[in-house]
Number of protein chains: 2
Amino acid sequence: MDSKHPRNPTRSLLLNHARRLFAERGFSAVSMRDIARSVGLQQSSIYNHFDSKQSILIELLRGHMLTLNQCRNDWLSDEVSATEQLIAFTQFHVAYHIDFPDDVFIAYMELRSLEPDNRKALVRLRDEYELSLQAIVQQGVTAGEFQCVDVAVHTRAIIAMLTGVTVWYRHDGRLDKDTVIHSYVTAALQSLGIPANDVAHQHELKKVKHV
Amino acid sequence: MDSKHPRNPTRSLLLNHARRLFAERGFSAVSMRDIARSVGLQQSSIYNHFDSKQSILIELLRGHMLTLNQCRNDWLSDEVSATEQLIAFTQFHVAYHIDFPDDVFIAYMELRSLEPDNRKALVRLRDEYELSLQAIVQQGVTAGEFQCVDVAVHTRAIIAMLTGVTVWYRHDGRLDKDTVIHSYVTAALQSLGIPANDVAHQHELKKVKHV
DNA sequence: GTCTATATCGAGATAGAC
DNA sequence: GTCTATCTCGATATAGAC
């Protein structure tokens, strides 16, 4: 059935509008009528493209999680120091979260709206992502580059700190994207005991390499 | 009407169960029947204690926000250095968030479920709390104790970092509450450029004073 | 103050014409 | 592939007996 092909334009439109609505109001508070009307269709027409409301959510969450891991792997290389890896991770994470805040918000809030099997698969992808940062932190602690009380707690602390950018960042706000990223890179590195002078130095190196 | 007095036991029971259900499934996904059945009542009996579903949410959110600000004011004194204030704030914030994760989660997620007027009043209380941390960070930067790129961004970064404890902390987990708090105090201070040795020292001082 | 019964509405999903 | 019409269910809220 061609209508269920990922590149069907009506289907893509529905996905994009559902993403925005789910992020704004929450999955349970959005009706199929809301989604249909936002793209100028009748409610029943959605079922030509998706099996159910839940299947729309699953596709949004799977797409986000897979893309996040894929982009992370493309961006990072593991042939550098833990400090350089942390800088690269932070730059990637904040930039991605600034660009796709709706996906991030839905992934954070609506995993519970999934049936158990679907939820488990997505939690695995989320854990994979978080553990990739934990490996960096552990490597830095082992090498004596980083100082922290507990690697697992500190990893979660950094992830939460960076992800919070989605709550307040606005494209027309006081600070531009690069400044915001620089702020978070400094905060993340300093949180692990890297002095501010070294931060500025390393950060600059990384920016020349990757941006 | 006595049934709507705050200390009515059935009313308190309803509030407590609604809090747990809203945190687990989200406001929109919980029905009045769910709340009533969880305390052994019929659905219509709730209306003897609350005017509407929305009024239950308002009472939970208002209670949380007022208590949070009140407890913070009781805990902190502003006659010490910015570093000492930050330690006290972090200890309070993490401890409170460990103790009342459901309130925190609902406050984060369900402000959007409120009608505009009610939402505005609560956003004001939330901002008041966040600005109290921003004042500490600003004081530390001005005094040369703290290093950061942008005070507002770094304040939000710290709040998000600390609040994240609600996502993963379990009372029967690997780490006890004091160790978790110590981890976050270290992370917060280091993020502002305070060296780890000083952190251990100051933190100990603070613990002796307050615990 | 709790109950049963009911009103009114909107939800997700399906059937079948075009 | 979209439409209209409809099914079935459960939602919030109210009325009135006890």
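Letters go in sequence order (proteins before strands), and every chain restarts at 1. No experiment lies behind these values; they were computed from the predicted model shown.
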Residues two or more places apart in sequence or in another chain: which of them pass side-chain contact (heavy atoms from CB on, under 4.5 Å) with [X]?
X        : value
A:Lys177 : A:Ala95, A:Ile98, A:Asp99, A:Tyr169, A:Ile181
A:Val123 : A:Leu111, A:Arg119, A:Arg126, A:Asp127
B:Ala152 : A:Arg174, B:Gln134, B:Asp150, B:Arg156
B:Asn69  : B:Leu125, B:Glu128, B:Tyr129

Euclidean distance, atom [atom1] of residue [X] to atom [atom2] of [N] [Å, nearest integer]:
X       : N      : atom1 : atom2 : result
B:Asp34 : D:dG10 : CG    : P     : 11 Å
A:Leu41 : D:dT4  : CG    : P     : 11 Å
B:Ile46 : C:dT4  : CD1   : P     : 14 Å
A:Phe50 : C:dG12 : CZ    : C1'   : 16 Å
B:Asn8  : C:dG1  : CG    : C1'   : 9 Å
B:Gln42 : D:dA15 : CD    : C1'   : 16 Å
B:Arg37 : C:dC3  : CZ    : P     : 12 Å

- Task: Answer with base, sugar-phosphate or nothing: what part of the nucleic acid does A:Ser45 contact at a heavy-atom distance below 4.0 Å?
- Result: base
- Message: Going by side chain to side chain donor-acceptor pair (under 3.5 Å), name the pairs with one or both residues in residues 25-46 of chain A, residues two or more places apart or in two chains.
- Response: A:His17-A:Ser38, A:Arg25-A:Asp34, A:Ser31-A:Asp34
- For the residue pair B:Tyr108 and A:Tyr108, categorise the inter-ring angle as parallel (less than 30°), tilted (30 to 60°) or perpendicular (more than 60°).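 Aromatic pair B:Tyr108/A:Tyr108 classed perpendicular.
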- How does protein reach along nucleotides 13-18 of chain C, written 5' to 3' as B (base within reach of a heavy atom under 4.0 Å), S (only sugar-phosphate), or - (no contact)? BB----
